[in-house]
There are 2 protein chains.
Amino acid sequence: MTQSAARATIADVARRAGVSKATVSRFLNHRETLLSSEIAQRVEVAISELGYTPSPMAQALKRGRSRLIGLVLADITNPYSVAVLRGAEMACRAAGYLVMLFNLGNEIERESAGIRALSSYRVEGYILNTMGHDPGAVMETARQGKPVVLVDRLHAGLDVDFVSLDNRQAIDLCATHLIEAGYGELLLATEPLGTVSSRIERVQEFQAFLATGAAGRTRGQYFESAAGDDAALDAALRSLSTRARKGGRLPAVISSNAVVTLRVVAAMARLGWRLGEDIGLVGIDETEWAPYVGPGISTVSQPTGELGRWAAQCLIERLDGGAAAPRRILLPGTLNVRGSSRPAAAGKHS
Amino acid sequence: MTQSAARATIADVARRAGVSKATVSRFLNHRETLLSSEIAQRVEVAISELGYTPSPMAQALKRGRSRLIGLVLADITNPYSVAVLRGAEMACRAAGYLVMLFNLGNEIERESAGIRALSSYRVEGYILNTMGHDPGAVMETARQGKPVVLVDRLHAGLDVDFVSLDNRQAIDLCATHLIEAGYGELLLATEPLGTVSSRIERVQEFQAFLATGAAGRTRGQYFESAAGDDAALDAALRSLSTRARKGGRLPAVISSNAVVTLRVVAAMARLGWRLGEDIGLVGIDETEWAPYVGPGISTVSQPTGELGRWAAQCLIERLDGGAAAPRRILLPGTLNVRGSSRPAAAGKHS
DNA sequence: TTGTATGCGTTATCAA
DNA sequence: TTGATAACGCATACAA
C-alpha cells in the first residue's frame, strides 16, 4: 500500500512473490484452469501489498481488445443524451466494459474525428447518437468490422442495431390524448428535419395518424422551428389559432422534443397566451421543470435509461459472438398529463 | 484510404515507404530537428495512403505519458457539471489532451474506484468535482504525484489548485439585490451541508453578510433541505413567512443551487404561494427554464464554461512544469433579475 | 505446474 | 541522416 510515485507493474509483483511474470499473469487470467498450489497465495499477497492493478493499455495492446466501448454523443448538453449515457454506462460496467465518451458538442464536422479518436483507442464497438451528417465517418466503423448500435437516429445505408423510442406509439399517445382532451386543430412543432431520422419519423407518424380513422375530424400540420427564428414560430402559432377558431376547434401543439417545448413556452410568454386555456401542449421528453412551467406541461417520457441499457446490451451480445440480423428495438413512451393539455372552460381563447 | 479491417501500424507505413520504423517515428515526432530530405515525402504519402494514425495506447506505454486528463464528476446529470466538462474539454483539446470522464452517478463510494480506473489509464492529471467523502481516494492522486485541480468543492487536507464560483460575491449579489428589491427576511435554502465545501461556504458567507452593515436591519437564517423531505421545507417556508409578517418585512429565499431552486418552486405549488408576490426568490445557478417558471426566476449565473477552462488551464500549466504554490481561482457570478424578486405591490401576502 | 521467450505498436539509444 | 535494437507492461506459445 505504501508505494512510491510509480505504479507497480507485473514485474514488481513477480519479483516480490519470487515467481515469474508469467505466473502472475496466469494468476490474474487463468486462476481456475492452471491453478497453482500455495504460489497463488504468495502472488495474491504480493499483489495486494503492492496495490497492483494491470495496465489496461498494455493489456489492450497485447490482446488486441480493449474492453472499451465508444459512445459518441451529438450534444452532451442534452439531458436526453446524458440519460442514455447513464443507462449505457451501467450496462457496460456490469459486463466489464468501460465507456469512452466522445462529445460532438453539436459540431457535426467532428463526427469523423470522434470516431477516429475512439478507434485509435481500439474500442470494441460503438454506440452512436450523432447527427448522421457525415456518412463517411460512420461507414468507417462498419468498415472496421466493429459492431455499431444507433440510438434515436438512424443513418442512411447503415444496417445495424437500432434502439429508439417507438415514435409511432409516442405520437399516437400525444395526439389521441389531445383529441380526447378536446383539442381538434393540431400542430406538430419540430426542430428542422434535416436528415435526422427521429424528427422525420415523428412527422411521418403524425401525418399517418391524421390519415387514420382515429383522428376523426381532427386536422393537423407540422412546423419546423429553427433555432433563432422566434418570429416564424409565433406566426405559425397564430396561424394555428386562426385555423382553429375558424373551424370551431381548440388548437394544440405537440412539440417534438424538449428543446422545442421550451421554445413554445417562450412563445407563450411573447404572445401572452396561457397554456391549456388558449392553447394545448404536450411535449415529447419529460423534464424536471415540466411540472412547474405555467399550469404544468404534459409530456411523454422516454425510457431513456432503458434505451441506453438496451443499446449496450445489443453491442455486448454481438461482442460475445451473437451474429443475428440487425435488430430494431422500439420502446414505448409514457404520458404525463398536466395542465397544458386541459382546456379550462372549453375554448375561451380570443 | 482503402484499407482492410485492421488499422495500419507504423511498420506498415515503414514497409510502404521503404524505410525503417525509426524513420517514420522521427518524421512524426522530430520533424524539425532531424529533417530528412525527400524521404520525408515518401513517409508522408505512405502515411496518408494508409490513413495511418499512431496508437495512443502504444505511445502511452512507451512514453510513460498518455496525454489523457482524468475528469471525475459527482453527477453528470447536473447541468453545472456538464457545463464545466465542456469548458474543460475544449481547453484540453486545444492543448492536445483528451479528457477521460468518470461519472460517479452520486454514488460516493465509487470515488476511489473512479480515481483508480483513471489512474490505471495513466492519466497525467485530475480534475475533480466530487463529494470529497472519500479522502483516501483523493489523497491517492496526490500520492501519485500527479497534479490535481478541484472544481467547486474543496477537500480537507488537499492543498491543490482550486477553481470555483466566488461564493462571497455571489451571496452578496443575491442578498443585496433582494434587500434593494424590498425583502427583509431572508432564508438561505441549501442541500444538506455535509462536508461539501461550496455549500458550507455559501452559508458562511450568508452569515457574514448578515453580520455586516450592508444588511441593515435585514434578518436571515439558513435551512438544509433534504431530498425527500417536502414537509420540512414547507414548514421552513411557512416559518419564514411568519417571521416576516411579525417583523413587518417581506420574506425571500436564496436557493443555494438549481436543485434547491426547483424544490422551492415545487413548494410554491404546494403552498399556493406566488413567487415575487408572496415570497421572493433568487437562485444560484442559471437554468434554461428559469425565465418560464412562474413570473420568471431570478438567478445568479455561474461562469461554468470559464470554470472548466480554468481548471484545465491550471492542470496543463503544472503539466508543463509550472510549480508555483496552489492557486485559488474565484470567478464572479452575474445576476439575472426576473419576476421572482420583484414584489408586485409591496407585500400583499396574507 | 512453472519459467523463458516473443510480440503487441511505439519511441529512444545507439551504431552505422 | 538513417537503421537495428531494446524497452514500455502485459499475455501467451512453448519448453522445462
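Please read these numbers as outputs of a predicted model, since none were measured by experiment.
Here CG of B:Asp75 is found 4.0 Å from CG of B:Asn106. Values are rounded to the nearest 0.5 Å. Atom CD of A:Glu124 sits about 12.0 Å away from atom CG of A:Leu118, to the nearest 0.5 Å. The CG atom of B:Asn129 sits 6.0 Å away from atom OH of B:Tyr80, with the distance rounded to the nearest 0.5 Å.
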Readout for nucleotides 7-16 of chain D: B = base within 4.0 Å of protein heavy atom, S = sugar-phosphate only, - = neither; 5' to 3' it is BBBBBB----
I'd like a table of donor-acceptor pairs (distance under 3.5 Å, sequence neighbours excluded) in which one partner is a side-chain atom from residues 82-95 of chain B, with atom names and distances.
none

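With sequence neighbours left out, the salt bridge (Lys or Arg N to Asp or Glu O under 4.0 Å) criterion links A:Arg110 to no other residue.
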